[in-house]
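In this chain, numbering begins with 1 at the start of the sequence shown.
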Amino acid sequence: MTASGGRIDSHTELYGVIGDPIRHSKSPIMMNRAFRETGINGVYMAFHITDDKLEHFVAGVRAMGIRGVNVTIPHKLRIMDLLDDIHESARIIGAVNTIVNDNGKLTGYNTDGIGYVRSLKEEASPQLAGKRITVIGAGGAARGIIYALLQEGPERVRIVNRSAQRAEELASSLSSGSFIIEASSNDRLQEWCGDADIIINTTSVGMFPNVDQSPVPGEWLNPGAVVSDLIYNPLQTAFLHAAAARGCQTHGGLGMFIYQGAYAFEYWTGQPAPAAAMREEVLAALQG
Ligand code: NAP
């Protein structure tokens with residue numbers, strides 16, 4: 001469907017994001033810029049959907065023919081029970097962040113992990129095969145990105161987390177065959193950060209308003225490493241500041257947000273996403 005000179009008309013297709021809360025979301029400005037940029041006749045809205053309204057919302061998607069939906073906190077797990085099909089990526093990760101509606105058949109995908117890896121490869125480390133990777137944190141975001149990192153053939157993946165049990169559960173659920181993911185409490189944080197090629201913070205330590213906090217002191221980092229943080233508020237975390245001062249190459253979380261949206265756009269429209277324009281739009285909103 002092509003645009004009618006940027007106007008909403010009777011052919012405009014509806015897209016959106018659901019969450020609770022949702023008014024902070026930058027997805028509408030990013031996705032509407034993508035539609036304008038590509039000339040696709042679509043409009044993308046933010047819907048505040050509480051848990052008790054989730055089933056009604058999904059019925060509405062079917063009834064109204066909403067073409068695509070992004071799903072954020074707290075619905076990424078429960079939405080899975082309400083869809084017709086779950087793509088393998090979302091099934092293994094155990095969470096859906098993107099729904100594609102094909103003539104009433106709703107399929108759930110997870111683009112967070114692949115979005116992160118695309119960003120890491122394009123912005124910091126084009127080659128992930130053979131790399132020794134340490135992931136700090138073992139929550140939902142860690143699960144998605146580790147699943148996607150494993151597709152790239154790293155030499156080693158280690159998970160270090162405040163709660164050792166959570167790290168161990170995540171490691172054993174994603175280990176397969178002879179590829180064993182190691183797990184530890186923060187006791188081994190220094191050792192596992194010191195001999196890694198890529199260190200990724202997936203915890204919320206350092207996120208606004210706690211912008212002075214860092215999950216790891218800069219002295220513990222290998223100066224030749226790529227140091228990545230999923231947080232994008234602030235764009236440059238205290239962890240990334242410390243890593244840059246140590247001589248590491250740094251990679252922030254904004255690209256993950258852009259590319260999870262880019263993959264969703266591509267699944268919905270079949271067209272390449274205008275990632276540079278999407279980034280420009282979100283950056284302007286974050287800095288404005
Ligand atoms: P989550 O499931 O709640 O997991 C939080 C993780 O952070 C857990 O490993 C937790 O450790 C750890 N943690 C929290 N507070 C800590 C503290 N004070 N000290 C040490 N560890 C602490 O959250 P999530 O969904 O994975 O999100 C994690 C981060 O990723 C957030 O900052 C989020 O903004 C970011 N994120 C970014 C994007 C993006 O597009 N760039 C997308 C998704 C998420 P325990 O297990 O010990 O509690």
Side-chain angles (χ1 to χ4, degrees), residues 112-113 115-117 119-128 130-150 152 154-172 174-175 180-258 283 286-287:
D112 283 331
Y116 173 78
V117 165
S119 158
L120 183 65
K121 288 171 76 171
E122 291 199 7
E123 296 160 25
S125 181
Q127 179 67 264
L128 299 177
K131 299 291 187 196
R132 298 166 301 167
I133 301 175
T134 292
V135 175
I136 308 166
R143 174 174 282 274
I145 70 156
I146 292 170
Y147 166 78
L149 287 166
L150 293 176
E152 302 291 324
E155 180 188 312
R156 181 176 86 195
V157 174
R158 286 170 162 171
I159 304 170
V160 51
N161 191 45
R162 178 174 63 177
S163 144
Q165 191 190 345
R166 210 167 170 202
E168 280 156 16
E169 283 167 7
L170 181 55
S172 68
L174 291 177
S175 292
I180 305 298
I181 300 171
E182 296 172 80
S184 170
S185 69
N186 281 345
D187 291 351
R188 306 187 84 168
L189 190 57
Q190 180 169 9
E191 179 195 341
W192 285 8
C193 284
D195 65 358
D197 303 311
I198 302 176
I199 301 141
I200 305 166
N201 175 39
T202 74
T203 75
S204 46
V205 178
M207 192 163 72
F208 180 85
N210 303 312
V211 297
D212 295 331
Q213 295 178 2
S214 172
V216 180
E219 314 84 80
W220 290 6
L221 300 168
N222 164 10
V226 169
V227 172
S228 173
D229 201 327
L230 265 53
I231 293 169
Y232 62 89
N233 184 15
L235 289 166
Q236 178 85 346
T237 58
F239 180 45
L240 294 185
H241 271 296
R246 178 77 172 160
C248 303
Q249 187 185 350
T250 61
H251 170 253
L254 183 62
M256 175 176 179
F257 177 68
I258 304 301
L283 255 183
L286 287 172
Q287 289 167 342

Output for pair (Leu170 CG, Ser175 OG), nearest 0.5 Å, gives 9.0 Å
What one should report as the nearest heavy-atom pair of Asn222 and Cys248 is O-SG, 3.3 Å
Nearest heavy-atom contact between Thr250 and Ala243 is CG2-CB, 3.9 Å
CD (Gln249) and OG (Ser125) are apart, to the nearest 0.5 Å, by 7.0 Å
field: Minimum side-chain heavy-atom gap Ile231-Phe239 below 4.5 Å
entry: no
Q.
Would the distance check show the side chain of Thr237 and the main-chain N or O of Leu240 forming a donor-acceptor pair, the cut-off being under 3.5 Å?
A. yes
- Taking the side chain as every heavy atom from C-beta outward, state whether Cys193 and Ile136 have any pair of such atoms under 4.5 Å apart. yes
In short, salt bridge (charged side-chain N to carboxylate O under 4.0 Å, His left out) pairs touching residues 205-231 with sequence neighbours left out are none
Heavy atoms of Pro154 and Ile133 approach each other most closely as CB-CD1, 3.8 Å
**Asked** Within the distance-only criterion (no hydrogens, no angle test), does the side chain of Ser163 pair as donor or acceptor with the backbone N or O of Arg166 below 3.5 angstrom?
**Response** yes
Between Asn186 and Val160, is the side-chain contact (heavy atoms from CB on, under 4.5 Å) condition met? List the steps. CA-CA 6 Å; Asn186 281 345; Val160 51; 3.6 Å; yes
Salt bridge (charged side-chain N to carboxylate O under 4.0 Å, His left out) with Asp195: of Arg156, Arg188, Arg132, only one passes, and it is Arg156
#### Entry: Under 3.5 Å: donor-acceptor pair, side chain of Thr134, backbone of Trp192
yes
Worksheet item: Can you check whether Leu150 reaches Ile181 side chain to side chain, under 4.5 Å on heavy atoms?
Response: yes
Decide yes or no on side-chain contact (heavy atoms from CB on, under 4.5 Å) for Ile200 and Leu230, but give the supporting numbers first. CA-CA 8 Å; Ile200 305 166; Leu230 265 53; 3.7 Å; yes
- Report yes if some heavy atom in the side chain of Ile145 is under 4.5 Å from a heavy atom in the side chain of Leu120; otherwise report no. no
Shortest non-hydrogen pair, Ala225 vs Ile199, comes out as CB-CD1, 4.0 Å
- Task: Would you sort out whether Leu286 and Leu254 count as a side-chain contact (heavy atoms from CB on, under 4.5 Å), showing the intermediate values?
- Result: CA-CA 10 Å; Leu286 287 172; Leu254 183 62; 3.9 Å; yes
* To do: Report the C-alpha distance between Val227 and Val216 in whole Å, list the side-chain angles of each, state the deciding distance to 0.1 Å, and finish with yes or no for side-chain contact (heavy atoms from CB on, under 4.5 Å).
  => CA-CA 11 Å; Val227 172; Val216 180; over 6 Å; no
Check: Val117 and Leu149 side chains under 4.5 Å, non-hydrogen atoms:
yes
Shortest non-hydrogen pair, His251 vs Ser119, comes out as NE2-OG, 2.8 Å
In this structure, CD of Glu155 is separated from CG of Asp197 (nearest 0.5 Å) by 7.5 Å
Taking every heavy atom of Leu189 against every heavy atom of Pro215, the minimum-distance pair comes out as CD2-O, 3.4 Å
> Does the side chain of Leu235 reach to within under 4.5 Å of the side chain of Leu283, using non-hydrogen atoms?
Replying inline: yes
Within a radius of less than 6.0 Å around CD of Gln165, do more than 12 heavy atoms belonging to other residues, nucleotides or ligands occur? no
